[in-house]
J.: 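I'd like to ask you about the structure that follows.
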Amino acid sequence: MPELPEVETVCRNLREGLPSRSSRAKGGRRPGGRPQAGRRAACPSLLGRRITGSRLLWPPTLVTPAPARFRARVRGQRVREVTRRGKFILVRLTTDTLLFHLRMGGALQLEPRAAPLSPHCRLVLELGTRWQLVFCNPRKFGRVWLTADPGSVLGELGPEPLADAFSVEHLSALLAERHRRIKPLLLDQRFLAGLGNIYADEALHRARIHPLSLASDLPLPRRRALWGSIRKVLREAIRYNGTSFDEGYGGGAYFTRLRVYQRTGRPCRRCGTPIERILVGQRSTHFCPACQARPGARARS
DNA sequence: CACGAGACCTGTTCGC
DNA sequence: TGCGAACAGGTCTCGT
């Protein structure tokens, strides 16, 4: 599931820890409150903890270095910082950096060492006697790197859409030189880091751009609108802890705000027209045929 | 350079 | 109810 807002949520949870929460607390759900995940024990911050051991349960998870070297090298290092770049989670250690990519789902969280491990658990980093950092990944697509040079892993990534340096002029210039359909372009992490299928569809709808539009053909007002909608959608989703349909993200609730993603046949929240679903570059793509005019169907200018 | 197809995987939902 | 098909938030590689 994870796109930029979900990964940001995971990072924040690792940095700040999670307060305890019970599904039965205070007579159930607050009226108007965000839906809450189930019972969860309190867990502390990952920052400052020392890695005392590791267990690799699905070897293909580890890209580099080889397992024996990984185990020897990661042991004894202390966690200094937890940050995000695109959809990567960066855990800076004493001398190296651990990079995690969840790909199509999963979780990275602190758990008591006494707790039973999920069958989807692929890597465990032991943190003393009480806690462990657990990388769960049901579909086995997720990957982990340990390196002194994170740039070697992140090298090709495009700009960070929420960074101050990512200006409307910057995006506009990048779009102008790409003869590519806008939807697959937004999913290309070398073009822009962090968008995935949900937020690409949502950003395009808010900017009123048809997903098959040619990037280089977008008129300036659409390009400006896209810059704003990308940032707005991502910021808003982060406030809601992402759009999670499963556990492990601390109650992501942005699905209540989605305007097109997986709303096929339901009315557009702006104009009431039924949302359509098409395939673009093998990915499900949701849009409003009225709000998001076809590239060919040019209005008189 | 741009694009489609296939691969990598398991779990859940849909249709008959 | 049961069972296979379709589908899922991502990315890589190959062939055209």
Side-chain angles (χ1 to χ4, degrees), chain A residues 1-11 37 57-64 84-89 99-108 118-123 135-145 153-158 174-204 211-217 230 233-234 236-238 240-265 277-286 295:
Chain A
M1 76 172 305
E3 301 181 33
L4 187 154
E6 289 75 27
V7 176
E8 184 64 33
T9 300
V10 170
C11 289
L57 304 173
W58 176 253
T61 294
L62 184 61
V63 178
T64 188
R84 178 192 60 72
R85 171 81 172 97
K87 299 173 190 170
F88 287 85
I89 300 160
L99 295 98
F100 296 86
H101 198 304
L102 268 41
R103 296 269 175 94
M104 292 281 267
L108 179 66
S118 149
H120 304 312
C121 179
R122 310 300 176 206
L123 174 69
F135 183 70
C136 286
N137 200 244
R139 288 175 72 178
K140 299 180 176 175
F141 290 163
R143 292 293 180 265
V144 177
W145 297 254
V153 180
L154 305 172
E156 301 274 286
L157 278 186
L174 290 175
L175 289 169
E177 64 194 24
R178 296 306 216 103
H179 290 250
R180 240 183 121 176
R181 296 170 309 176
I182 188 66
K183 167 76 189 276
L185 184 60
L186 291 180
L187 295 180
D188 185 339
Q189 302 299 295
R190 292 166 304 186
F191 178 77
L192 188 62
L195 281 187
N197 212 30
I198 298 177
Y199 301 110
D201 281 2
E202 293 296 315
L204 287 173
L212 295 176
S213 306
L214 210 53
S216 52
D217 284 355
I230 288 171
V233 162
L234 292 176
E236 199 176 15
I238 288 172
Y240 279 78
N241 293 337
T243 308
S244 57
F245 306 148
D246 50 22
E247 313 293 314
Y249 286 87
Y254 193 70
F255 65 87
T256 61
R257 315 283 300 180
L258 297 176
R259 297 198 193 170
V260 288
Y261 184 76
Q262 286 191 351
R263 295 191 67 247
T264 311
R277 172 185 180 272
I278 57 176
L279 276 185
V280 181
Q282 331 256 88
R283 308 300 302 278
S284 274
T285 297
H286 313 76

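Reminder, nothing fancy here: chain letters follow the sequence lines and each chain counts from 1.
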J.: Without decimals, in angstroms, what is the distance between Gln282(A) CD and dT11(C) C1'?
T.: 13 Å

J.: Could you spell out the base pairing of DNA chain C as a dot-bracket line? Use Watson-Crick and G-U wobble contacts where both distances are under 3.5 Å, [ ] for crossing pairs, | for partners on a different strand.
T.: .|||||||.|||||||

J.: How close or far is atom P of dT11(C) from atom CH2 of Trp145(A), stated in whole angstroms?
T.: 10 Å

J.: Who are the side chain to side chain contact (heavy atoms under 4.5 Å, CB included) partners of Arg283(A), not counting sequence neighbours?
T.: Leu187(A), Asn197(A)

J.: For atom P, what is the distance between dA6(C) and dA5(B), given to the nearest Å?
T.: 15 Å

J.: Whole-Å distance between dT11(C) P and Asp188(A) CG?
T.: 9 Å

J.: Listed by chain and number, what are the salt bridge (Lys or Arg N to Asp or Glu O under 4.0 Å) partners of Arg257(A), not counting sequence neighbours?
T.: Glu236(A)

J.: Kindly write out the residues that satisfy side chain to side chain contact (heavy atoms under 4.5 Å, CB included) with Arg181(A), not counting sequence neighbours, or none if the list is empty.
T.: Pro184(A), Leu212(A), Val280(A)

J.: Kindly say if Ser284(A) contacts the phosphate of dC7(C), meaning a side-chain N or O under 4.0 Å from OP1 or OP2.
T.: no

J.: Remember a base hit wins even if backbone is also touched, and classify Arg277(A) as base, sugar-phosphate or nothing at under 4.0 Å, heavy atoms.
T.: sugar-phosphate

J.: Once salt bridge (Lys or Arg N to Asp or Glu O under 4.0 Å) is applied, do any residues pair with Arg85(A), and if so which ones, sequence neighbours excluded?
T.: Glu160(A)

J.: Starting from C1' on dT11(C), measure out to NZ on Lys140(A) and report it in whole angstrom.
T.: 18 Å

J.: On the 0 to 90° scale, with breaks at 30° and 60°, tag the Tyr240(A)-Tyr254(A) ring pair as parallel, tilted or perpendicular.
T.: perpendicular

J.: Working to the nearest 0.5 angstrom, can you tell me the gap between Tyr261(A) OH and Phe255(A) CZ?
T.: 13.5 Å

J.: Would you indicate what Gln189(A) reaches in the nucleic acid, counting non-hydrogen atoms under 4.0 angstrom: base, sugar-phosphate, or nothing?
T.: sugar-phosphate

J.: What is the distance, rounded to the nearest whole Å, between atom CZ of Arg143(A) and atom P of dT13(C)?
T.: 12 Å

J.: Taking CG from Leu279(A) and P from dC7(C), how many angstroms apart are they, rounded to a whole number?
T.: 8 Å

J.: Using chain A heavy atoms and a threshold of under 4.0 Å, write down where along DNA chain B the contacts begin and end, 5' to 3'.
T.: dA2(B) to dG11(B)

J.: Could you work out, with salt bridge (Lys or Arg N to Asp or Glu O under 4.0 Å) as the rule, every residue matching Asp188(A), not counting sequence neighbours?
T.: Arg180(A), Arg190(A)

J.: At under 4.0 Å between heavy atoms, what does Arg178(A) touch on the DNA or RNA strands: base, sugar-phosphate, or nothing?
T.: sugar-phosphate

J.: Check side chain to side chain contact (heavy atoms under 4.5 Å, CB included) between His101(A) and all other residues, then give those that pass, not counting sequence neighbours.
T.: Lys87(A), Phe88(A), Arg103(A), Trp145(A)

J.: Rounded to whole Å, please give me the gap between CG in Leu186(A) and P in dT11(C).
T.: 13 Å

J.: Can you measure Arg103(A) atom CZ to dC12(C) atom C1' for me and round it to whole angstrom units?
T.: 7 Å

J.: Just to verify, what does Arg139(A) make a side chain to side chain contact (heavy atoms under 4.5 Å, CB included) with, not counting sequence neighbours?
T.: Met104(A), Phe141(A)

